[in-house]
Amino acid sequence: MEKSLLYPELNEFRYDRKLDGLWDFKFDPKQEGNAQNWTTGLSDAVKMPVPASFNDFFTKKEEREYAGDFWYSTKFFVPKELEDKQVGIRFGAATHRATVYVNGTEIRSHEGGFLPFTADITSVAKFGTENIVAIKINNELHRDALPAGDTITLENGSKMVKPFFDFYNYSGLNRSVHLVAQPKTSVIDYSTTFDVSASHATVNYQVEIEGTADVAVKLIDEDGNEVANAQGAAGKLEVDNPKLWNVRDAHLYTIKIQLLQNGNAIDEYTDEIGLRKIEIKGHQILVNGKEVYLRGFGRHEDSIYAGRAFDLNVERKDVELMEWTGANSFRTSHYPYDEEAYRFADREGFMVIDEVPAVGFKMAAASFLGGLDASFFDGDWTDELQKKHLDQIHDMILRDKNHPSVFAWSLFNEPDTSTDSAVPYFEKVFEDTKDLDPQHRSRTFTLNEDDTFEASKCKQFPDIFLLNRYPGWYHKWGFEISDGEAGLRREMDQWQNSDIDKPMIYTEYGADTQPGLHKLPSIMWSEEYQTEVLEMFGRVFDSYDFIRGEQVWNFADFQTVEGNMRVNGNKKGIFTRDRQPKAAAFFLKNRWENID
Ligand code: GCB
């Protein structure tokens, strides 16, 4: 069951119960937890909500900023009726690496703070009684891990993280924890591809099973009618007059996968899928044959109190606000989000660029810390890093491949692509991941400001170009913005005059803005200036046909490290951190509602 990243489900054959709530929590700066048997529970612990990042609950700075090992523990009951099943604990996310112990026995470790993993506890679980789980987590940043950064030790002995990226290193059990059980013979994965026309759709499916069983698959429409069925671990579901999944007009079907032995059902897994055809043709992005222009946001999982915790209330509000602006897309900058975000996007018809936490792969990104000029890919950490990077791309695609909303995979954010040493790293990443997605969605990455048409050595890799550009903010700012626009147009002219025949999406542009600061004429940080920057970009986007989308940075203000470029976080939000609109929100709404 540990191989499966399917979302948990409760049905006749499967069990799912959230273990969310107040857990025991304790820092372990001296790494003495194992020796002191914290694996069987924590004494002198504080109470900590799950899911949540621990950081913002504390009032002492050394606790909020804590880097190193820390533990969570809770008791949980395993029902007797699960005795004949495989039982596991599924962690939605543990930042950034973790080891799980149940009833004192070490079960497994996992690296990567933004993807789920299950600890199979079948052999140690006590049925019909109470059990105890402890998880040791480490939130340090290193150059050979994702997301990239350093961990230093201050003269007073405190450890401190130095991210090479611009979001706060919120840590802990940021997503729900589930007690799950499934039959010993069970569905562990499935995938679908589609052949779609207006009057007919073929769903080609493939089911992966642990054990041996017969497979029966049904497709059910939104009214509960069975529209197709098939037998076998791989097969075709034929649907006449399908209701296709369209952008901001989603229709979903339920796929019901049943396992049978001697004609008796022994497992069932159901999920919602959307039938649609995505094509990249020259500069165009087509969904079901219709051209789509992306409007939307780079986002973060970030909110007050619980940091990076997934909160369905926040997600609900964000979806409402995105829809209010007329957005049809977002990027999961800079890491895969909680599964619920994709399920919601599937339902609402958003186009999602799904990003792996390969962020900070650029020494200049450490300029938030004072600038380091070497090439990131010359470092001796790249072999180890690449292993983890590939592993996380694998898991992201495995987890998210059935979401109709996901239309592209972003394999890096702003890596250093202007040195030759980047090329072999990219070659391997693109080669090794080319067959992971049965739907073969576009694979891409965002190009930072330094990685221009002329400078980037990695333009051969992406299927779609994603550009992050900041004239008007990080250079040519204020009254010089007209030169910023001229420079941007010069770069766009180079792309236009090249033989590159792929779409381009702007995945970042924007300006930090202090809400409530008004000034006529504008100055930087004022709400007026933010709108002027967005107007400038809008003029440029409208001048080039190969630009097929705009995702402003950022949906909402978010927390970052402290620094002389940040006033309590990044303020490029179109909404404040508590999700109220800045003036630019009204500008974007007007613009986007008038774009097809
Ligand atoms: C970027 C990064 C993003 C930052 C943004 C900024 O290029 O991709 O993580 O937050 O710039 O505002 O500096």
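Numbers here simply count residues along the sequence, with the first being 1. Indexing begins at 1, ligand by ligand and atom by atom, following the structure's order.
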Would you call D542 and R591 a salt bridge, using N to O less than 4.0 angstrom?
yes
Short version for F167: what comes under 4.0 Å of ligand 1, heavy atoms counted, is neither
Applying a heavy-atom cut-off of 4.0 Å, say which part of F165 lies close to ligand 1: side chain, backbone, both or neither.
neither
Show me which atoms of ligand 1 lie under 4.0 Å from any heavy atom of F558.
10 (O)
Is any NZ, NE, NH1 or NH2 atom of the basic residue among D432 and K428 found under 4.0 Å from an Asp or Glu carboxylate oxygen of the other?
yes
Any atoms of ligand 1 less than 4.0 Å from a non-hydrogen atom of K572? List them with their elements.
6 (C), 12 (O), 13 (O)
Counting heavy atoms under 4.0 Å, the part of R469 that contacts ligand 1 is neither
Measuring from non-hydrogen atoms of N448 to any atom of ligand 1, is the shortest distance under 4.0 Å?
no
Any heavy atom of Y470 sitting closer than 4.0 Å to ligand 1?
yes
Residues K362 and D451 bridged, charged N to O under 4.0 Å:
yes
Measure T560 to ligand 1 on non-hydrogen atoms and call it side chain, backbone, both or neither using the 4.0 Å cut-off.
neither
Should D512 be counted as touching ligand 1, given the test is an N or O pair under 3.5 Å?
no
Just by modelled atom types, is the V429 backbone N or O under 3.5 Å from a matching donor or acceptor in the T433 side chain?
yes
Of all the atoms in ligand 1, which lie at a distance below 4.0 Å from a heavy atom belonging to R566?
6 (C), 12 (O), 13 (O)
Salt bridge between K589 and E593, side-chain N to carboxylate O under 4.0 Å?
yes
Quick one: look at H334 and ligand 1, take heavy-atom pairs under 4.0 Å, and tell me if it's side chain, backbone, both or neither.
side chain
Pick out which of H300, E301, Q392, E355 makes a side chain to side chain donor-acceptor pair (under 3.5 Å) with Y335.
H300
Hey, are E279 and K281 close enough for a salt bridge, meaning a charged N less than 4.0 Å from a carboxylate O?
yes
Proximity to ligand 1 by part of Y509, non-hydrogen separation under 4.0 Å:
neither
Heteroatom distance test (Y474, ligand 1): nitrogen or oxygen, under 3.5 angstrom:
yes
Taking R577 as the fixed residue, which of D318, D557, D302 is the one that meets the salt bridge (Lys or Arg N to Asp or Glu O under 4.0 Å) rule?
D302
Among E508, E449, E414, whose heavy atom sits nearest atom 11 (O) of ligand 1?
E508
Over 60° means perpendicular and under 30° means parallel, so tell me whether F330 and Y337 are parallel, tilted or perpendicular.
parallel
Side-chain ion pair, R175 and E339, N-O less than 4.0 Å
no
Can you tell me which portion of T446 lies within the under-4.0 Å heavy-atom range of ligand 1? Options are side chain, backbone, both, or neither.
neither
Within 4.0 Å of some non-hydrogen atom of N570, the atoms of ligand 1 are 6 (C), 10 (O), 12 (O)
